[in-house]
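In what follows, a single structure is set out as structure tokens and then discussed.
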Amino acid sequence: MALVAGNTAHLWALVARQFWLKAGRRLRTGPVFRWRYSGRTPERVLIAPPDLRLADPQIALEIYYGRYPLAGHMVETGGQSPFQMEVASRGWQKSLHGFRWLRHMRAAGTDLAAANARALVGDWIALHGNRISGPAWEPGTTAKRIIAWLQHSSVVLQGAEFPFYRAFLKSLAVQIRYLRSVAAAMPDGKERLRARVALAFAALSLPAPASALRAATRHLAEELDRQILPDGGHISRNPLAVLEILADLLPLRQTYANQAEQPPAALIGAIDRMLPALRFFRHSDGSLARFNGMGATIHDRIAAVLRHDDTAGQPLLHAPYSGYERLAAGGVTVIADTGAAPPTEVSEAAHAGCLSFEMSSGRQHYIVNAGVDTYGAAEFRPLARVTAAHSTATVEDTSSARFSHSARVLDLIGTPLVGGPQRVESRRIDDAGRQGFVAGHDGYVRRFGILHERELTLSATGDRLAGRDRFLRADGSRVRDGGRDSIAIRFHVHPDTELLRDARDRLVLTAEAADAWLFTCDEATPEVEESIFFAGLGGPRRSRQIVLAFRAAELPEVHWRFERIGRSDE
């Protein structure tokens with residue numbers, strides 16, 4: 001396992017902590033503790049919380065015929081119970097046991113869909129309800145299932161006979177007690193927050209003493225205050241986390257209101273901060289910028305969430321706590337990563353993309369990061385996380401951060417980012433003629449003694465994006481020729497954008513019925529190389545990239561620019 005020396009102790013401390021927490025969870029599922037999950041069965045479901053996630057009646061029909069399109073994989077059961085099948089895809093298993101697909105049955109609105117939902121829930125109770133083990137009872141999956149069963153209890157219980165009704169409520173109560181016992185010991189991040197959301201939903205939706213609601217509300221507020229940053233971002237720095245958490249928090253706020261209960265101030269404040277943050281990460285076509293784990297955007301999901309955004313005006317341009325900058329003028333949007341690496345505990349999806357940026361004009365994307373293939377093969381995920389997959393600079397073709405890929409600790413901590421930039425300084429530029437920022441990071445200081453500084457400025461009309469990249473020693477002096485200062489600045493071009501050379505051999509980016517942009521560099525000759533865009537809706541796509549290659553000792557500073565030269569159809 002390749003580790004940065006200074007982070008080894010912290011990483012192994014994290015491994016040890018997760019080992020003991022996992023051992024504790026295993027103990028809680030054993031016969032000594034299992035009695036704690038028995039108790040009174042609720043008499044009824046008081047309220048079914050709303051669900052903002054998209055629903056498709058056609059998927060309900062597919063499931064009826066034994067075809068399960070979950071987590072990007074189609075599995076045909078051939079008449080067998082899906083809960084008895086051994087499927088290699090871990091994502092598919094988690095999605096199956098999470099039961100979010102019940103929303104498709106509710107959207108179908110037929111007696112057949114309701115009967116199928118009831119049969120599948122009954123099947124799960126019979127096969128997994130009395131045995132707390134395996135993927136079905138992972139705490140994060142259990143939290144999703146509790147929320148889904150409550151949100152779609154109306155369709156599951158439609159036409160149900162009393163024995164099933166009681167079995168459903170009894171299983172739900174066991175899952176809630178189990179999740180309550182393990183929530184505090186869950187790994188840090190959005191799954192722990194979702195567990196607190198699930199317990200708050202349960203306290204509101206089922207008959208429970210006032211003390212249970214007070215405790216659930218208090219724990220939820222504590223987790224929100226810790227995980228949601230002052231500018232509305234999440235501590236993982238993943239734009240997708242903002243979307244996913246809002247999809248749970250907005251229905252929870254409404255459930256508090258429907259039950260005439262006062263939601264905690266932390267919940268109201270988190271939503272009020274996160275909605276503008278979600279808009280901050282959006283390009284003009286509605287897609288989210290591809291940073292730190294973000295893949296393809298499902299636009300209707302964002303629209304469903306932002307329907308609850310009452311804030312007016314343009315998105316914020318500065319997210320200092322999350323570590324991002326946004327430039328916007330003349331229909332052009334530029335979003336850049338100017339933040340340090342997130343805490344190791346929540347960095348499993350984090351990327352080594354410091355100082356990378358994306359640029360769009362209107363609904364067309366021009367410069368992007370590679371993003372991730374959310375449901376693709378796990379072995380390709382590391383390729384999307386390296387610095388070379390981002391529109392920024394690399395030194396000696398290495399990443400500005402490293403990742404732990406040890407098989408010995410994979411099940412405990414996943415593949416966190418280690419040794420990334422710890423000091424990232426950023427300064428905003430806003431004057432009458434332009435907007436921009438200057439930022440620098442120390443991700444290459446430890447190995448190469450080189451600081452990378454980038455300045456981006458967008459003209460007031462949006463017609464010109466100018467960039468400057470500098471490479472200095474840690475003390476600010478010029479890099480001397482030491483043999484390890486090969487620089488490559490990459491600009492990944494979106495696969496829907498054409499990259500051509502004009503009559504003067506200059507690079508031009510064009511797209512049908514969209515702006516045309518000229519790329520130039522004063523000091524280095526741009527080359528065109530093959531690339532890959534992982535974040536396509538249909539999976540990875542071939543693309544191209546502009547590369548400026550040089551040595552820092554010979555060329556410590558380069559200036560480049562994108563200039564709008566008209567529309568490609570003119």
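Bear in mind the structure is a predicted one, so any value in this text is a computation, not a measurement. Side-chain atoms are counted along with the backbone in the values below, which use heavy atoms only and exclude waters and symmetry mates.
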In terms of side-chain heavy atoms, does [X] have a donor or acceptor partner in [Y] at a distance below 3.5 Å?
X      : Y      : result
Thr297 : His299 : no
His365 : Ser287 : yes
Ser360 : Gln364 : no
Tyr256 : Thr217 : yes

Show which side-chain atoms of residues 47-55 pair as donor or acceptor with protein atoms under 3.5 Å away, not counting sequence neighbours.
residue : atom : partner : partner atom : Å
Asp51   : OD1  : Arg53   : N            : 3.0
Asp51   : OD2  : His152  : NE2          : 2.9
Arg53   : NH1  : Asp248  : OD1          : 3.2
Arg53   : NH2  : Asp248  : OD1          : 3.4

Given Ser356 and Asp337, is the side chain to side chain donor-acceptor pair (under 3.5 Å) satisfied, shown in steps? CA-CA 6 Å; Ser356 64; Asp337 181 344; 4.9 Å; no

Pair [X] and [Y], ring centroids less than 6.0 Å apart:
X      : Y      : answer
His318 : Phe280 : no
Tyr375 : Phe380 : no
Phe281 : Phe291 : no

Taking everything shown except [X] itself, do over 12 heavy atoms lie less than 6.0 Å from its [atom1]?
X      : atom1 : result
Glu43  : CD    : no
Glu161 : CD    : no
Phe164 : CZ    : yes

Can you measure from [atom1] ([X]) to [atom2] ([Y]) and round to the nearest 0.5 angstrom?
X      : Y      : atom1 : atom2 : value
Leu267 : Arg253 : CG    : CZ    : 7.5 Å
Gln151 : Arg100 : CD    : CZ    : 8.5 Å
Lys94  : Leu70  : NZ    : CG    : 13.5 Å
Leu306 : Leu278 : CG    : CG    : 4.5 Å
Asn116 : Leu112 : CG    : CG    : 6.5 Å
Glu244 : Glu191 : CD    : CD    : 9.5 Å

If we check salt bridge (charged side-chain N to carboxylate O under 4.0 Å, His left out) with Arg192, which of these qualifies: Glu223, Glu345, Glu222?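 The passing option is Glu223.
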
With heavy-atom distances below 4.5 Å as the criterion, would you say the side chains of Ile147 and Pro251 are in contact? no

Does a side-chain heavy-atom distance below 4.5 Å link Ile532 with Arg541?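 When only atoms from C-beta onward are counted, Arg541 and Ile532 do not touch, as no gap falls below 4.5 Å.
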
Does Arg326 pair with Glu358 as a salt bridge, N-O distance under 4.0 Å? no

Do the charged groups of Arg381 and Asp373 touch, with an N to O distance under 4.0 Å? no

Passing candidate, side chain to side chain contact (heavy atoms under 4.5 Å, CB included) with Glu348, options Asn238, Leu417, Thr415: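 The option that passes is Thr415.
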
Please list every donor-acceptor pair under 3.5 Å in which a side-chain atom of residues 56-65 meets a protein atom from a residue at least two apart or in another chain.
residue : atom : partner : partner atom : Å
Asp56   : OD1  : Gln58   : N            : 3.0
Glu62   : OE1  : Arg67   : NE           : 2.5
Glu62   : OE1  : Arg67   : NH2          : 3.3

Check against side chain to side chain donor-acceptor pair (under 3.5 Å), Ser154 and Gln158: CA-CA 6 Å; Ser154 58; Gln158 178 182 328; over 6 Å; no

Walk me through it: do Phe168 and Phe99 pass the test ring-ring contact (aromatic ring centres under 6.0 Å, His included)? CA-CA 14 Å; Phe168 174 80; Phe99 276 86; 9.5 Å; no

Between Trp124 and Trp149, is a side-chain contact (heavy atoms from CB on, under 4.5 Å) present by the stated rule, with each step listed? CA-CA 12 Å; Trp124 187 92; Trp149 281 21; 3.8 Å; yes

Side-chain (His97) to main-chain (Thr142) donor-acceptor, under 3.5 angstrom: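 Here the side-chain-to-backbone pair does not exist.
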
The test is side-chain contact (heavy atoms from CB on, under 4.5 Å); show your working for Met274 and Leu249 and say whether it passes. CA-CA 10 Å; Met274 294 176 76; Leu249 295 186; 4.0 Å; yes

side-chain contact (heavy atoms from CB on, under 4.5 Å) evaluation trace for Leu206 with Leu150: CA-CA 9 Å; Leu206 299 172; Leu150 290 171; 4.2 Å; yes

Do you know which of Arg290, Arg385, His390, Arg237 makes side-chain hydrogen bond (donor to acceptor under 3.5 Å, both in side chains) with His351? His390

Think Arg145 forms a cation-pi with Trp137, using NZ or CZ under 6.0 Å from the six-ring centre and within 45 degrees of its axis?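 So Arg145 does make the cation-pi contact.
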
Check the pair Tyr68, His73 against ring-ring contact (aromatic ring centres under 6.0 Å, His included), reporting the backbone distance first and the verdict last. CA-CA 8 Å; Tyr68 289 76; His73 297 270; over 10 Å; no

What's the verdict on side-chain contact (heavy atoms from CB on, under 4.5 Å) for Asp300 and Ile302, showing C-alpha distance, side-chain angles and the deciding distance? CA-CA 5 Å; Asp300 289 346; Ile302 298 179; over 6 Å; no

Residue pairs, two or more places apart or on separate chains, that pass salt bridge (Lys or Arg N to Asp or Glu O under 4.0 Å) and touch residues 199-218: none

